[in-house]
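Note sheet for the following structure.
Computation of the quantities below employed the complete heavy-atom set of this structure, encompassing side-chain atoms and omitting hydrogens, waters and symmetry-equivalent molecules.
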Amino acid sequence: MFKVKYFRNIDCIDRLSDNEKVALAPVNTRYKFRANDYYLSLIDWNDPDDPIRKIVIPDISELDEFGELDPSDEEANYVAPGCQHKYPHTVLLLCTETCGCFCRFCFRKRLFMDKNDEVVKDVTPGIEYIKNNPQITNVLLSGGDPLLMSTGRLENIIKSLRKIDHVQIIRIGTKMPAFNPYRIIDDPKLPEMLSHYSLPDKRIYIMTHFNVTNELTDEAILALDILMKSGVVLSNQTPILKGINDKPNVLANLMNSLSTIGVTPYYFFHCRPTTGNKPYALTIPETYFALESARKKVSGLAKRARLVMSHERGKIEIVGISDDYIYLKYHRAKYPEDEGKLIIYYRNNNAFWMDDLTQVHDSHIEAERLAHQFIRVTGTD
């Protein structure tokens, strides 16, 4: 059994110089730091561009003015303490406010700050809400990272959800297979519990979070194999991040590697303009063309993921960019009138978010012509 040691202050990181620790102290004060010795051991400290280092070690540029703490306005979606209901069939339960490590680009870094009250230890009110709303068929456990909870506590939540007939799919969002695979390897009760509740007609999905292949160590692959053998379905989602995985070869390697070991690439996210995320943010065209170039290097199995941005109005798929226009489509919509809608914007190479774009609306006829033209070319409907 490997005992993982956690650190909450950069002063504990021996591989950082004293000058680096002094320079990064203001970042460490403003945004929480958390890492562990396993994940830190993956860093090539001789490489200033090492992706694992960029994922978990603070960057002074995080203090640059940029974005807002809740760019997707998650706060507006709460229907009970710790329970968000944005889309008709899906509910989000925030079970914990802690992760194995803290990604520097986290879009929920507000949860780790003082005086946060969005996460609750007792999710009973949320479960009651789900029970009383039969249109809810999917429940996503998130936070924080649910696999950082004890197996017993996690089981209590899953057991309660399995008693609700209309809940068909339970999803667990986690980066623990990357941050600390020993959480899975050294706890046989976890796969045993998952196998009990991941049923042939009602599966549990584990939504993993691998950003780069450097995280797919032998230990991580073993942990994933243990999870797969427990009967859960594994899918991966990751933002595309400047200087970390925005190179086509890096993305293609990740897509191919995940598919090879049986983890479905599910979503690639456009990095949210969250406060502190300036060092990791890409423009919409940069994100789109990085992934499109990567898709050319992989098989059909590897390129199943959609490219989306989690906007306050919904999950917006970035489906195409021409010389003049950016084509977006509501993959999931908060408001019924937006469901499935194709929207066209004038191309803006400096746009970080949908709100930075100008919609083509001067002529409805012209917008319809462009939409039909795009559908004919791409087959998107």
**Message:** Filter on side-chain hydrogen bond (donor to acceptor under 3.5 Å, both in side chains), then keep only pairs touching residues 93-105, sequence neighbours left out; what's left?
**Reply:** E62-R104, E97-N116
What residues, two or more places apart in sequence or in another chain, satisfy ring-ring contact (aromatic ring centres under 6.0 Å, His included) together with [X]?
X: Y205; result: none
X: F33; result: none
X: F179; result: Y39
X: Y197; result: none

[X]: partners by salt bridge (Lys or Arg N to Asp or Glu O under 4.0 Å), with sequence neighbours left out:
X: E286; answer: none
X: K341; answer: D338
X: R34; answer: none
X: E312; answer: none

**Prompt:** With no hydrogens and no angle check, is any side-chain donor or acceptor of N245 less than 3.5 Å from a backbone partner on L251?
**Reply:** no
**Asked** Any donor and acceptor pair, going by atom type alone, linking the side chain of R108 with main-chain N or O of G143 inside 3.5 Å?
**Response** yes
**Message:** Listing request: all salt bridge (Lys or Arg N to Asp or Glu O under 4.0 Å) pairs with a residue in residues 250-274, at least two apart in sequence or in separate chains.
**Reply:** none
Please tabulate, one pair per line, all N/O donor-acceptor pairs under 3.5 Å involving side-chain atoms of residues 5-15, not counting sequence neighbours.
unit_1: Y6; atom_1: OH; unit_2: N180; atom_2: ND2; d: 3.4
unit_1: N9; atom_1: OD1; unit_2: D11; atom_2: N; d: 2.9

**Message:** For H270 and W353, take the angle between the two ring planes, folded into 0 to 90°, and tell me which bin it lands in: parallel under 30, tilted 30 to 60, perpendicular over 60.
**Reply:** parallel
**Asked** Quick one: side-chain hydrogen bond (donor to acceptor under 3.5 Å, both in side chains) partners of D122, sequence neighbours excluded?
**Response** T124
